Amino acid sequence: MPKLVGLLVEQNILHLLILYKTTSFTYDLNTTKPDPLKMANSAPPPPAAPSPASKLVRIIVVVILALIVLLGLAVLITWLIIKPKQLVYRIDSASVHNFNLKNNHLNATFDLLIKAHNPNSRISVYYDPIEVSVAYDGQTIAFNTLEPFHQPRRNVTRLDATLVARDAALSGALSRDLRVQKKSGNIGLDVRIKARIRFKVGIFKLKHHTLRISCSPVKVQMSSLKNFETASCDLDW
């Protein structure tokens with residue numbers, strides 16, 4: 001009897017082991033072999049075709065970039081051909097006469113010789129009326145306007161400018177400073193020049209530009225016997 005019971009128990013255990021292995025093998029097969037139908041259904045959708053509007057935007061961007069490059073090349077080639085150079089100005093002579101400072105009012109005549117140099121071999125300059133002023137410590141004391149003129153290529157033009165101060169009112173401090181400088185034999189002034197100019201390249205006249213020139217300090221001589229020191233000028237467009 002005990003042997004029969006033990007035999008039955010062994011058969012049940014073997015049956016359970018066989019059933020467990022079969023179930024595990026089936027599970028492994030189901031998990032390791034993907035379903036092709038499911039994979040086809042889960043594949044990402046194909047990319048959408050670009051719209052006509054986006055194509056037009058790309059074309060416009062490409063055209064604009066091409067125009068910018070062509071314009072840059074044109075400017076570079078023009079610059080290499082013309083090789084523009086800066087205009088040069090300086091004061092070659094400055095003197096004052098009929099100087100009279102009384103009761104903080106100034107009367108005087110200032111004579112200036114302005115040198116304008118155009119070093120360009122392909123560019124000439126057209127000057128509109130030129131405004132010339134003399135200032136002391138920031139205050140304008142004399143003013144005059146010179147006639148317009150044309151400056152050819154590679155040309156040096158000297159402009160005679162006479163500026164008259166007529167009863168120019170000054171502060172007490174400026175009057176005292178001017179008296180002290182007069183005794184020293186020269187007066188440090190600022191010469192300012194302003195003009196509208198046009199450049200001519202070949203047969204083409206370019207648009208107007210406002211030219212501003214500042215020359216400082218200009219040692220105006222009280223006596224013609226003293227040598228004058230030329231004063232260089234700075235340009236501001």
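Below, each value reflects all heavy atoms present in this structure, side chains not excepted, and no hydrogens, waters or symmetry copies. This is a predicted model, so every value here is computed, not measured.
Within a 6.0 Å radius of CG in Asn103, no more than 12 heavy atoms belonging to other residues, nucleotides or ligands are found.
Listed by chain and residue number, nothing satisfies the ring pair (Phe, Tyr, Trp, His ring centres under 6.0 Å) test with Tyr136 (two or more places apart in sequence, or in another chain). Partners of Asp92 under the salt bridge (charged side-chain N to carboxylate O under 4.0 Å, His left out) rule, at least two apart in sequence or in another chain, are Arg90, Arg158. Evaluation of the side chain to side chain donor-acceptor pair (under 3.5 Å) rule for Thr162 yields Asp111 as partners, not counting sequence neighbours. Considering only residues two or more places apart in sequence or on other chains, Tyr127 meets the ring pair (Phe, Tyr, Trp, His ring centres under 6.0 Å) condition with Phe149.
No chain of hydrophobic side-chain contacts below 4.5 Å, direct or via other Ile, Leu, Val, Met, Phe, Trp or Tyr residues, connects Tyr126 to Tyr89. Residues Leu113 and Val218 are members of separate hydrophobic clusters, defined by side-chain heavy-atom contacts under 4.5 angstrom among Ile, Leu, Val, Met, Phe, Trp and Tyr. The cluster map of Ile, Leu, Val, Met, Phe, Trp and Tyr, joined by side-chain heavy atoms under 4.5 Å apart, puts Val164 and Ile187 in different clusters. Hydrophobic clustering keeps Ile197 apart from Val88 (ILVMFWY residues linked when any side-chain heavy atoms are closer than 4.5 Å, directly or through intermediates). Transitive grouping of hydrophobic side chains (ILVMFWY, heavy atoms separated by less than 4.5 Å) brings Leu146 and Ile91 into a common cluster.
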Test log, rule side chain to side chain contact (heavy atoms under 4.5 Å, CB included), inputs Asn155 and Val125: CA-CA 10 Å; Asn155 173 264; Val125 189; over 6 Å; no
Step-by-step side chain to side chain contact (heavy atoms under 4.5 Å, CB included) determination, Val132 to Leu163: CA-CA 8 Å; Val132 184; Leu163 291 75; 4.0 Å; yes
Working for side chain to side chain contact (heavy atoms under 4.5 Å, CB included), residues Gln86 and Leu235: CA-CA 9 Å; Gln86 183 72 280; Leu235 276 67; 3.6 Å; yes
Derivation and outcome, side chain to side chain contact (heavy atoms under 4.5 Å, CB included), residues Gln139 and Leu174: CA-CA 9 Å; Gln139 179 177 342; Leu174 287 182; 3.0 Å; yes
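Within the structure, disulfide bond (SG atoms under 2.5 Å apart) contacts touching residues 71-164 (residues at least two apart or in different chains) do not occur. For residues 97-139, no residue pair satisfies the disulfide bond (SG atoms under 2.5 Å apart) rule, not counting sequence neighbours. Pairs passing the side-chain hydrogen bond (donor to acceptor under 3.5 Å, both in side chains) check and including a residue from residues 201-214, sequence neighbours excluded, read Asp128-His208. Listed by first then second residue, pairs satisfying disulfide bond (SG atoms under 2.5 Å apart) with a partner in residues 120-215 read Cys215-Cys233, not counting sequence neighbours.
Residues Asn107 and Phe99 have side chains not in contact (no heavy-atom distance under 4.5 Å, counting atoms from C-beta outward). Residues Leu211 and Lys194 have side chains not in contact (no heavy-atom distance under 4.5 Å, counting atoms from C-beta outward). At a threshold of 4.5 Å between non-hydrogen side-chain atoms, the residues Thr145 and Ile130 do not count as touching. Leu112 places a side-chain heavy atom less than 4.5 Å from the side chain of Val191. For the pair Asp236 and Ile213, the minimum side-chain heavy-atom distance is 4.5 Å or more.
Chaining together hydrophobic side chains whose heavy atoms lie under 4.5 Å apart places Val57 alongside Val61, Leu65. Grouped by direct or indirect side-chain proximity (heavy atoms under 4.5 Å, Ile/Leu/Val/Met/Phe/Trp/Tyr only), Val69 sits with Leu73. Through ILVMFWY side-chain contacts below 4.5 Å, Phe143 is grouped with nothing and stands alone. Here Ile203 is tied into one hydrophobic group with Phe204, each link being a pair of ILVMFWY side chains closer than 4.5 Å.
Of the options His150, Arg154, Arg198, Arg153, a side chain to side chain donor-acceptor pair (under 3.5 Å) to Ser124 is made by His150 and by none of the others.
From Ser175, atom OG reaches atom NE2 of His105 across 9.0 Å, with rounding to the nearest 0.5 Å. Atom CE in Met222 sits 12.0 Å away from atom NZ in Lys183 (nearest 0.5 Å).
Side-chain atoms of Gln151 come within 3.5 Å of backbone N or O of Ala116 as a donor-acceptor pair. A distance-only check finds no donor-acceptor pair linking the side chain of Asn120 to the backbone of Arg122 [under 3.5 Å].
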